[in-house]
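Below: the structure, in structure tokens.
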Protein chains: 2
Amino acid sequence: MRSRDPDLNAERRQAILDAAVSCFVRQGFHATSMKDICAEAGMSPGTLYHYVRSKADIIAGIIDNQAGFSRALIEPLAEAADFRAALFDALDRFAAGIADRDLVLNAEIGAELLRQPSLRERAAEADRASRRTLSAAIAAALGQGALRHDLDPDDTAAMLLALIDGALWQATLNGSAHFAAALPALKAAIGRILSVPGDGCP
Amino acid sequence: MRSRDPDLNAERRQAILDAAVSCFVRQGFHATSMKDICAEAGMSPGTLYHYVRSKADIIAGIIDNQAGFSRALIEPLAEAADFRAALFDALDRFAAGIADRDLVLNAEIGAELLRQPSLRERAAEADRASRRTLSAAIAAALGQGALRHDLDPDDTAAMLLALIDGALWQATLNGSAHFAAALPALKAAIGRILSVPGDGCP
DNA sequence: ACCTGAACACCGTTCAAGT
DNA sequence: ACCTGAACACCGTTCAAGT
């Protein structure tokens, strides 16, 4: 695992992670053997273990690489002028960019999180970070009077994330097209939670 | 697998499933070997395979046994006089009855669903059934004028299930106590989605 | 330092042999 | 019919041996 050439090390390690992602998407995490990853990466088991500690370590690397779905979605909201518009926009871009491939990989990762306590803690921390960012954005929007005045920023952030996560899981079970199809309903539900003016109360 | 005594067959099979649940909760699905389950159930591998087709078959049996979290939650809503009150009540009972053990098992099952296509289809079907039941209950409540009039029953059912599912996942990452703590926020969000009178628009 | 591939302990599953 | 446990093919990982 230790090596003297950090460039080569990083390069080879990345190649292994890429090969692993290809295998995981194609066959799932537990159906792909180390031998499969070796073949895809074009190296022997001994070499592979020179750059990577274990199969679990590969997953951890992949998680760090893509740093979670939600961050790309949430980060831009922090300094948005119009919170609601920015959130809906992010959801649109997210839905457009998503593929079955991503959903499967995301679910494979989610599944593995539960089994490796260190991974689980890392994921819980990433979750809390997302929630803090979103909560801050909501608090800012509240300050502008853009949202229903009695919202608790933290609770609301948690509920929005839960809603999006649940919709993603439904799409994972039913195919990625399902997420795009559910987008209007999702926006409507979010609009009602936020009680954005114009999305209206009777 | 075939046997002549259906009673013994069912009894032994159930004993295997129970032993497997104990192991899965304790160690997770992939960390428990068939040998572990054999030891817990007190039989040899050959005998175990006499009553059970494979490890995946054990999971399928467990899924059928508990038939999903959501059914117990949703079924009573079908003929409820007050939909909102019944839903909140079901959530309360649900939160009270839930333990870390259940969340872990639920997540282990969810993880495995993705890998076994037949299990996945079964889960998707169960999901659609939950959604139909909930949708019908919402439609009935709409007919009584108890909910915001412009709700689409099907979309709303999907969003409520997504929200609850997402909250369950957050609790799975952060411990089961998290679900009870999130209950007020969850009810508030649901109330806003439904725009139940009195839970109010400004 | 970097790489190989045989070897190790263990896995899920099968099957000849018992009763 | 029901049960046993050794045997099979394969897994993730290691390590002596090469360059």
Side-chain angles (χ1 to χ4, degrees), chain A residues 1-17 19-24 26-62 108-109 111-112 115-119, chain B residues 1-17 19-24 26-62 108-109 111-119:
Chain A
M1 191 51 205
R2 288 283 131 228
S3 78
R4 292 289 161 84
D5 185 339
D7 277 357
L8 180 61
N9 195 312
E11 192 185 315
R12 288 270 211 280
R13 191 181 152 87
Q14 190 54 51
I16 292 169
L17 298 188
V21 166
S22 297
C23 292
F24 292 164
R26 204 163 45 223
Q27 327 172 25
F29 181 68
H30 277 92
T32 88
S33 67
M34 286 288 135
K35 212 169 207 171
D36 292 335
I37 301 177
C38 287
E40 183 85 20
M43 52 182 85
S44 70
T47 305
L48 187 140
Y49 275 92
H50 198 260
Y51 295 105
V52 135
R53 230 179 300 270
S54 66
K55 207 179 181 185
D57 181 41
I58 291 180
I59 295 255
I62 292 175
E108 289 288 338
I109 287 174
E112 213 51 33
R115 297 182 180 123
Q116 197 80 14
S118 65
L119 289 185
Chain B
M1 189 51 202
R2 287 285 130 226
S3 77
R4 291 292 160 82
D5 185 339
D7 276 357
L8 179 61
N9 194 312
E11 192 185 314
R12 288 270 209 282
R13 190 181 153 86
Q14 191 53 52
I16 291 169
L17 297 188
V21 166
S22 297
C23 292
F24 292 164
R26 202 164 45 225
Q27 326 174 25
F29 180 67
H30 278 93
T32 88
S33 67
M34 285 288 133
K35 212 169 206 169
D36 293 334
I37 301 176
C38 286
E40 182 85 19
M43 53 181 85
S44 69
T47 304
L48 187 140
Y49 276 93
H50 198 258
Y51 296 104
V52 135
R53 230 180 297 271
S54 67
K55 207 178 181 186
D57 181 41
I58 292 179
I59 296 253
I62 293 174
E108 289 288 338
I109 286 174
E112 213 51 33
L113 291 178
L114 298 164
R115 296 179 182 126
Q116 196 80 14
S118 64
L119 289 184

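Separation of atoms CE (Met43(B)) and SG (Cys38(B)) is listed at 8.0 Å; rounding is to 0.5 Å. To the nearest 0.5 Å, atoms OH (Tyr51(B)) and CG (Asp57(B)) are separated by 14.5 Å.
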Show the distances under 3.5 angstrom between N or O atoms of the protein and N or O atoms of nucleotides 16-19 of chain D.
none

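Side-chain contact between Ile37(B) and Phe24(B) is present, with at least one heavy-atom pair separated by less than 4.5 Å.
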B/S/- along nucleotides 3-13 of chain C (protein heavy atoms under 4.0 Å) is SBB-----SSB
Take Glu108(B) and Gln27(B) through the test side-chain contact (heavy atoms from CB on, under 4.5 Å) and record every step on the way to the result.
CA-CA 10 Å; Glu108(B) 289 288 338; Gln27(B) 326 174 25; over 6 Å; no
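Scanning for side-chain contact (heavy atoms from CB on, under 4.5 Å) contacts around Ser44(A) gives Thr47(A), with sequence neighbours left out. Shown here are the side-chain contact (heavy atoms from CB on, under 4.5 Å) partners of Glu11(A), two or more places apart in sequence or in another chain: there are none.
In terms of heavy-atom proximity, Ile62(B) sits nearest to Ile109(B) at CG2-CD1, 3.9 Å.
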Output field dot_bracket for DNA chain D (Watson-Crick or G-U, both distances under 3.5 Å, | for other-strand pairs) contains ||.|||||...|||||.||
List the atom pairs, donor and acceptor, that lie under 3.5 Å between side-chain atoms in residues 28-35 of chain A and the rest of the protein, sequence neighbours left out.
from: Ser33(A); atom 1: OG; to: Lys35(A); atom 2: N; distance (Å): 3.4
from: Ser33(A); atom 1: OG; to: Asp36(A); atom 2: N; distance (Å): 3.1
from: Ser33(A); atom 1: OG; to: Asp36(A); atom 2: OD2; distance (Å): 3.3

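Between Arg13(A) and the options Val52(A), Leu48(A), Ile58(A), a side-chain contact (heavy atoms from CB on, under 4.5 Å) holds for only Val52(A).
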